[in-house]
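Here's the structure we're looking at; comments come further down.
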Amino acid sequence: MHNASNGRYDRMLSAVAATFLMVSSTAALAQSPSAPPPAKSAAELAIDAAVPMPEPANVPPPTAADIKPDTTAAAPAAIEKKDATASIPDKAPETAAQPAATAEPAKEAVTKDAAPTPAPVQAASAVPAADQPVADKLRDLIGSKGAKIFDRKAERVAVEAFYKGREYAPVLTEGGAVNARAKATIARLQDAASDGLNPADYPTPDFAAATTPDAQAEAELKLMASVLDYARQAQSGRMHWSQVSGDILYPEHPIDPGEVIAKLASTKDVAAALDSYNPKHKGYLALKAKLAELRGKTETQAAPIPDGETLKFTPARKKQAAVEMEDPRVPQLRARLGLTENTDDTRYDEKVATAVRKFQANSDLKTTGVLDAQTVRALNSPKKDRQIDIVRVNMERWRWLPRDLGAPAIGDAYVILNIPDYTLKVMQHGQQVWTTRVVTGKPGNHATPLLTETMKYITVNPTWNVPPSIIYNEYLPALQQDPGALERIGLKLERSRDGSIRVWQPPGERNALGRIRFNFPNKFLVYQHDTPDKNLFARDERAFSHGCMRVQNPDQYAATLLNITMPNERYTPERIRGMYGSGEIDLKFPTPIPVNITYQTAFVDDAGKLEFRKDVYGRDNQMLAILRNSQSKDLEAVVAHAQPSYARPKGDIPQGVAMNNDNGGSGFNFFERLFGGPQPAPAPARSQQQRRVFTR
């Protein structure tokens, strides 16, 4: 028993000694200049500094006299007092004493490095003290009302990221007062009418009435929302093109909201920064200048043309001379129509009839050249407001087009075709290189679509694959009346392996596509091509096709395009005509040329004159009605349209019609004939028909 007591006592002394050694070594490390305490994070230092802590006593290390069983540590002392004879585990003193021995030196190290005051550690704010109240309100408003002020998620996210990055410092106020940047922004938005836009779509807050940080912060965010609306609509239009028709397809070019806000905050010229989102095309800028002229012009109402009998001009025929009616109103009519020759002549001659016809076309009237009661009413009504509206919708259509119309690698070359003007132009280096007349699609289901695509190659001696709509809606009914109708015009009829009916015309001078097809593959399946029917190019209005565009001088057109893409080849119209024959020849462009199909009923010609053309497809009136009756933001939504179906319609080949194949058909499906694809070995008699490309 005595030995056991001595053993327990020895173990207790050993534990106390170990504790003493540990305390001594830890204190020495804490006081040693060569061993600084581990660095703490800013968050840990802030927490420690905020907790009040007594200064540690600066006492010497303990000596042997200080070593007593009841002062080593709280836990062992309590155990000794409770039961001096109790059995103590070997590791209990070490485990209980170690935290108490190491805690105090750590506190001492923290206390020496911490700030003398208990204030939290914070980075200095970049927001001026005078702007801090507005900054605080901006932070609150973006979090609580951001979704209400910015109804587009991308714009809301961009605004939040922008202000967070600048610690919510305001952009449009300084020291609680509106700054010059805000004033310039408001002035530019209020001038949106000069861009053909509606200033009411971009409301500007009254900063003068915003006298509190809350009101100033809300005014800033609302003005930012109007800036984003303006930039978006200036760049892409007040309405999405799908709102107008399903046969329009242009590439999207949306704004970057973050870039818009950053540009506004950093620019020295707010007006120029906002104006940069409008088109820079020459045609758009010319219309903008004419819009300003129209709005600045004081229109004086001329004396009305009196009512009277209907006047018309009858041109000369083989056995009949021209008939010119006379009327005292004709001199007044000549003045109204801008005719400067024979101003006092009372004859309703060919020149007067032609001017009346042009006026009717610009006024959406039937172009008869006859002065009837409806034409007289139109002549007597104010025209300035109507012209302003037409210019505005044409400026809107310019916004739909790509900002870069051409291909930079070939001098920004591109093709642009204006449907109402029936004109095609080739442009390079900002100048017109070549132009020609075209025939476009009929109004209605055969209207030529508006699009931007790239012309990749030209086909000389093309095969014409008749579209299914024409086969089933026009040719099969004709065959029922006359089984030999297609054969007489050189068309071939066969049934494909999938059961569909194929009608095609081999290359040659009688081919409906003429001698050349210009290929820019698109979802509407339209192309530009030659035609054997040249007489239509002499007409003023030339909307006669099924959607494709017929070119008056295709050999010159082909040579112009080939010389742009391959200038060293020196193509000429004569060289192109030398390729005419019975087999298809593809001439591929090393660099594709963009093709832009547009609809400009108002444009400025090379002489600087504002020209108007007949709204052949009714697009002007349709767009004006949409703009007048709808909310602007609703107009930016994409409208889904039914896509054209190329499935085989119901119908079959009438009895008695000769077929051109006896082996079940060529095996080509519709899209293989359109775009090319794996080809079966052709029969020798049709070797020139190996690749078939569909067109209209």
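Keep in mind that the numbers below use all heavy atoms, side chains included, and drop hydrogens, waters and symmetry copies.
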Please work out which of the three classes, parallel, tilted or perpendicular, describes the rings of Tyr202 and Tyr230, given edges at 30° and 60°. perpendicular
Could you check whether Arg399 and Tyr284, counting side-chain N and O atoms only, form a donor-acceptor pair closer than 3.5 Å? yes
If you define the side chain from C-beta out and look only at heavy atoms, does anything of Leu291 sit under 4.5 Å from Met395? yes
State plainly whether the residues Asp214 and Lys145 are in salt-bridge range, i.e. N to O under 4.0 Å. no
Find out whether Ile593 and Val426 are in side-chain contact, i.e. whether some heavy atom of one side chain is under 4.5 Å from a heavy atom of the other. no
Atom NZ of Lys137: over 12 foreign heavy atoms under 6.0 Å: no
Quick one: does Phe524's side chain get under 4.5 Å of Thr448's, heavy atoms only? no
Would a 4.5 Å heavy-atom cut-off, applied to side chains only, mark Val393 and Met239 as touching? no
Could you tell me the separation between the CD1 atom of Ile410 and the NE2 atom of His429, rounded to the nearest 0.5 Å? 9.5 Å
Atom pair CE/CZ of Met623 and Arg238 - distance to nearest 0.5 Å: 10.0 Å
Over 12 non-hydrogen atoms of neighbours within 6.0 angstrom of NZ in Lys366: no
Non-hydrogen side-chain atoms of Asp404 and Asp412 separated by less than 4.5 Å: no
Look at the aromatic rings of Trp434 and Tyr557 and report parallel, tilted or perpendicular, splitting at 30° and 60°. parallel
Would you call Arg166 and Asp131 a salt bridge, taking side-chain N to carboxylate O under 4.0 Å as the test? no
For Trp398 and Leu285, indicate whether the former's side chain and the latter's backbone hold a donor-acceptor pair under 3.5 Å. no
Close side-chain approach of Tyr422 and Val439, heavy atoms under 4.5 Å: no
Are Val595 and Asn522 close enough that some pair of their side-chain heavy atoms sits under 4.5 Å apart? no
Does the pair Lys222/Asp206 count as a salt bridge with the N-to-O cut at 4.0 Å? no
Take a 6.0 Å sphere around CG of Asp540 and say whether it holds more than 12 heavy atoms from other residues, nucleotides or ligands. no
In Å and rounded to the nearest 0.5 Å, what is the CE to OG1 distance from Met427 to Thr435? 9.5 Å
Return yes when atom CG of Asp256 has more than 12 non-hydrogen atoms of other residues, nucleotides or ligands closer than 6.0 Å, and no otherwise. yes
Is there side-chain contact between Arg181 and Val270, with heavy atoms separated by less than 4.5 Å? yes
Donor-acceptor check, side chain of Asn519 to backbone of Lys456, threshold 3.5 angstrom: yes or no? no
Residues Tyr599 and Asp615: side-chain donor-acceptor under 3.5 angstrom: yes
Can a salt bridge be assigned to the pair Lys358 and Glu611 using a cut-off of 4.0 Å between side-chain N and carboxylate O? yes
Is a salt bridge present between Arg392 and Asp389, judged by a nitrogen-to-oxygen distance below 4.0 Å? yes
Which heavy atom of Ala129 sits nearest to which heavy atom of Pro133, and what is that distance? O-CD, 3.6 Å
